[in-house]
Structure formats: C-alpha cells, structure tokens
Student: 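Below you will find the structure I want to go over with you.
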Amino acid sequence: MDKAGCRIMPSHIVAYSALGVAIACELVGTTFLQKSQQFTRLWPSLAVAVFYVAAFYFLTHALRVMPLGVAYAIWSGVGIVMTAAIGVVVFKQTLDLPALVGIAMIVGGVVIMQAFSAATEH
C-alpha cells in the first residue's frame, strides 16, 4: 500500500498488462494494414499508424520491468498466433498443415521460455 492507503499493483502485473495492450494494438494495426490495401486507403492507413505507435508506447512500459528478449518473444509469439487467427476468421485465409505446425512450434517455444527460463524473472 502507498501512503494514501491505496494498493499498489506489483510491477510484473503492470508490465504484462502493458504488453497485452501493446499486442492488442499491434493486432488491430496489422488488421488495418491488410485493409489499407498497400496504403492506398486513407483511413485504414492512418489507423495503422495510430495503433502501431500505441503498440510501441505500451511496449516501452512493459520494458521497464521485462527483459527485451522476453517481451519480444511473447509479443511475436502471441502476435503470430493471433494474426494467423485473424487472417482465417476475418479475411477467410487458409492455413495448411506446415503453417499450423510452425505456429505450434512458436507457441511451444514461448511456453518453454516462460516455464523454464530464468531470463523471464523480473
């Protein structure tokens, strides 16, 4: 608790929350990237810029506590999986077996890192 009697959230919860918001912003930005049609449509193109700037802003907050490599591994792993899911659901794209196996390997790598690596400790 701080001097005013308010609870203070542990820094790792704040870092993971900031990383989650960063990932969400990056996913929205990437979705608008597809809709921008190679930056030929104004509003989706502006949305890409806004959401990517927000993503990096929140990533900087996560990096106050988290090691860069850990944050980026989580960012990229979750981003790849969720971007693939958005591609399938929103844009009706298909994933073949090698793509699914590759995505599973990425997820496995992030899980192994989080579960067993001392580098993830804050």
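The structure presented is a predicted model; accordingly, all values stated were derived computationally and were not measured. Hydrogens, waters and symmetry mates play no part in the numbers below; they use all other heavy atoms, side chains included.
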Student: Quick check: closest heavy atoms across Ala73 and Val110, and the distance to 0.1 Å?
Tutor: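 Scanning both residues, the minimum pair turns out to be O-CG2, 3.5 Å.
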Student: For Ala54, enumerate each residue passing the side-chain contact (heavy atoms from CB on, under 4.5 Å) test, keeping only those at least two apart in sequence or located in another chain.
Tutor: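 Only Cys25 meet the side-chain contact (heavy atoms from CB on, under 4.5 Å) criterion with Ala54.
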Student: Report the hydrophobic cluster partners of Ile106, with the cluster defined as I, L, V, M, F, W, Y residues connected by side-chain heavy atoms closer than 4.5 angstrom, directly or transitively.
Tutor: Ile80, Val81, Val88, Leu95, Leu100, Ile103, Val107, Val111
Student: Ignoring hydrogens, what is the shortest heavy-atom contact between Gly79 and Leu27? Give both atom names and the distance.
Tutor: O-CD2, 3.8 Å
Student: Tell me which pairs pass side chain to side chain donor-acceptor pair (under 3.5 Å) where either residue lies in residues 57-67, with sequence neighbours left out.
Tutor: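 Matches after skipping sequence neighbours: Tyr57-His61, His61-Arg64.
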Student: Running the 4.5 Å side-chain criterion over Ile, Leu, Val, Met, Phe, Trp and Tyr, what cluster does Leu42 land in, apart from itself?
Tutor: Trp43, Leu46
Student: Would Tyr16 end up clustered with Leu68 when hydrophobic side chains under 4.5 Å apart are linked, directly or stepwise?
Tutor: yes
Student: Would a hydrophobic clustering, with Ile, Leu, Val, Met, Phe, Trp and Tyr connected at side-chain separations under 4.5 Å, put Val28 with Val21?
Tutor: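 Shared cluster, no.
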Student: Where do Met113 and Val70 come nearest, in terms of heavy atoms and distance?
Tutor: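 Nearest pair, atom of Met113 first, then Val70: CE-O, 4.1 Å.
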Student: Do Met82 and Ile74 sit in the same hydrophobic cluster, where Ile, Leu, Val, Met, Phe, Trp and Tyr count as joined when their side-chain heavy atoms come under 4.5 Å apart?
Tutor: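 Same cluster.
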Student: According to side chain to side chain donor-acceptor pair (under 3.5 Å), does anything in residues 23-33 pair up with another residue at least two apart or in another chain? List the pairs.
Tutor: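 Checked against side chain to side chain donor-acceptor pair (under 3.5 Å) - neighbours excluded - the pairs reaching residues 23-33 are Glu26-Thr30, Thr30-Tyr52.
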Student: Do Phe51 and Val90 share a hydrophobic cluster (ILVMFWY, side-chain heavy atoms under 4.5 Å, transitive)?
Tutor: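 No, because Phe51 and Val90 fall into different hydrophobic clusters, even though each may have its own neighbours under 4.5 Å.
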Student: Tracing side-chain links under 4.5 Å among I, L, V, M, F, W and Y, which residues wind up in one group with Leu97?
Tutor: Val101, Met105
Student: Given Leu19 and Met66, is the side chain to side chain contact (heavy atoms under 4.5 Å, CB included) satisfied, shown in steps?
Tutor: CA-CA 9 Å; Leu19 183 58; Met66 301 175 76; 3.8 Å; yes
Student: Any link between Ile86 and Val78 through a network of hydrophobic side chains (Ile, Leu, Val, Met, Phe, Trp, Tyr) touching at under 4.5 Å?
Tutor: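 Same hydrophobic cluster.
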Student: Could you pull out all residues at least two apart from Phe39 that satisfy ring-ring contact (aromatic ring centres under 6.0 Å, His included)?
Tutor: none
Student: Residues two or more places apart in sequence or in another chain: which of them pass side chain to side chain donor-acceptor pair (under 3.5 Å) with Arg41?
Tutor: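 By the side chain to side chain donor-acceptor pair (under 3.5 Å) rule, Arg41 matches no residue at all.
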Student: Can you list every side chain to side chain donor-acceptor pair (under 3.5 Å) pair that touches residues 69-86, not counting sequence neighbours?
Tutor: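 Those involving residues 69-86 do not exist here.
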Student: Out of curiosity, Lys35 NZ to Ser45 OG, how far, rounded to the nearest 0.5 Å?
Tutor: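 Between atom NZ of Lys35 and atom OG of Ser45 there are 13.0 Å.
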Student: If you compare all heavy atoms of Lys92 against all heavy atoms of Val89, which two are closest, and at what distance to 0.1 Å?
Tutor: NZ-O, 3.0 Å
